[in-house]
Amino acid sequence: MKSNRGTILPRSFYEREDVVEISRRLIGKVLCSKKGNRFTSGIITETEAYCGRDDRACHANDGLRTKRTEVMYGPAGHAYVYLCYGIHHLFNVVTNKENIADAVLIRGVYPLQGIEIMKQRRNNTGKSKPLTSGPGMLSEALGIKTSDTCTDLTEGPIWIEDHDFKVDKSSIRSTPRIGVEYAGEHAKREWRFVTDQFIN
DNA sequence: CTAACGATTCGCT
DNA sequence: GCGAATCGTTAGT
């Protein structure tokens with residue numbers, strides 16, 4: 001774990017048809033943002049897959065097409081950012097082909113670059129307070145807002161890089177997704193992926 | 001127009 | 001461990 005720069009993931013990375021596999025493969029990649037000349041990044045440690053068909057946990061389930069979910073029906077590799085609980089901005093990446101609404105929620109990153117900026121945005125005055133270990137927290141730390149929805153992740157100002165960090169396959173656990181009990185049986189699917197490889 | 005409800009986080013008990 | 005905060009989205013009147 002030493003490189004400072006990576007390759008921006010190409011659209012083809014996001015165009016795969018299996019959103020669960022993309023979710024798994026995003027673990028270890030690096031989420032970056034450059035807002036007003038302030039660069040921040042973190043290694044993705046936790047993701048969740050959401051499928052537009054037969055998945056009651058997904059906002060676009062059963063082809064539900066609204067102003068909010070429209071971006072999920074667009075081409076892969078764009079950001080879907082929405083407001084949760086009136087407070088938190090949750091960041092997803094749109095996957096699969098146009099008109100097929102799949103997405104991966106980024107739930108956690110390991111702070112890599114711009115840590116002071118993240119602490120500032122999080123109003124974290126050096127105290128031992130989680131910085132980027134939750135979907136709302138990481139968006140705040142990286143300066144990602146709902147106005148960033150539809151951002152093309154192959155262009156920026158938000159993008160994902162491959163730094164060639166090798167993630168030990170055995171370190172990636174799969175579990176049911178968080179906070180989607182309303183999805184009934186679908187909530188039991190193990191579509192959440194998390195690694196503890198970068199915890200310290 | 002109205003109302004119910006979150007893909008969460010934080011602070012306090 | 002529990003509950004409040006907080007407001008855009010959604011569906012229904």
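Computed from a prediction, not measured in an experiment: that's the story for all the values here. Lettering of chains follows the sequences in order, A, B, ..., and the numbering in each one begins at 1.
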Remember a base hit wins even if backbone is also touched, and classify [X] as base, sugar-phosphate or nothing at under 4.0 Å, heavy atoms.
X       : answer
R68(A)  : sugar-phosphate
R122(A) : sugar-phosphate
T66(A)  : sugar-phosphate
L105(A) : base
I87(A)  : base

Exercise: identify the closest heavy-atom pair between C58(A) and M72(A): SG-CE, 3.9 Å
Under 4.0 Å from any heavy atom of chain A: name the first and the last nucleotide of DNA chain C that qualifies, 5' to 3'. dA5(C) to dA11(C)
Name every donor-acceptor pair, under 3.5 Å, that has one atom in a side chain of residues 137-146 of chain A and the other anywhere in the protein, sequence neighbours excluded.
from: S139(A); atom 1: OG; to: H89(A); atom 2: O; distance (Å): 2.6
from: S139(A); atom 1: OG; to: P135(A); atom 2: O; distance (Å): 3.2
from: E140(A); atom 1: OE1; to: R122(A); atom 2: NH1; distance (Å): 2.9

Can D62(A) and R56(A) be counted as an ion pair, charged N to O under 4.0 angstrom? no
DNA chain B in dot-bracket, Watson-Crick or G-U pairs under 3.5 Å, [ ] crossing, | other strand? ||||||.|||||.
Scan for side-chain hydrogen bond (donor to acceptor under 3.5 Å, both in side chains) pairs involving residues 67-82 of chain A, sequence neighbours excluded, and state none if there are none. H59(A)-Y80(A), R65(A)-E70(A), T66(A)-T69(A)
Return the set of residues passing salt bridge (Lys or Arg N to Asp or Glu O under 4.0 Å) with D54(A) (not counting sequence neighbours), or none when no residue passes. R189(A)
For DNA chain B, note the earliest and the latest nucleotide, 5' to 3', having some atom under 4.0 Å of a heavy atom belonging to chain A. dG6(B) to dC10(B)
Measuring from I44(A):CD1 to I106(A):CD1, what's the distance to the nearest 0.5 Å? 4.0 Å
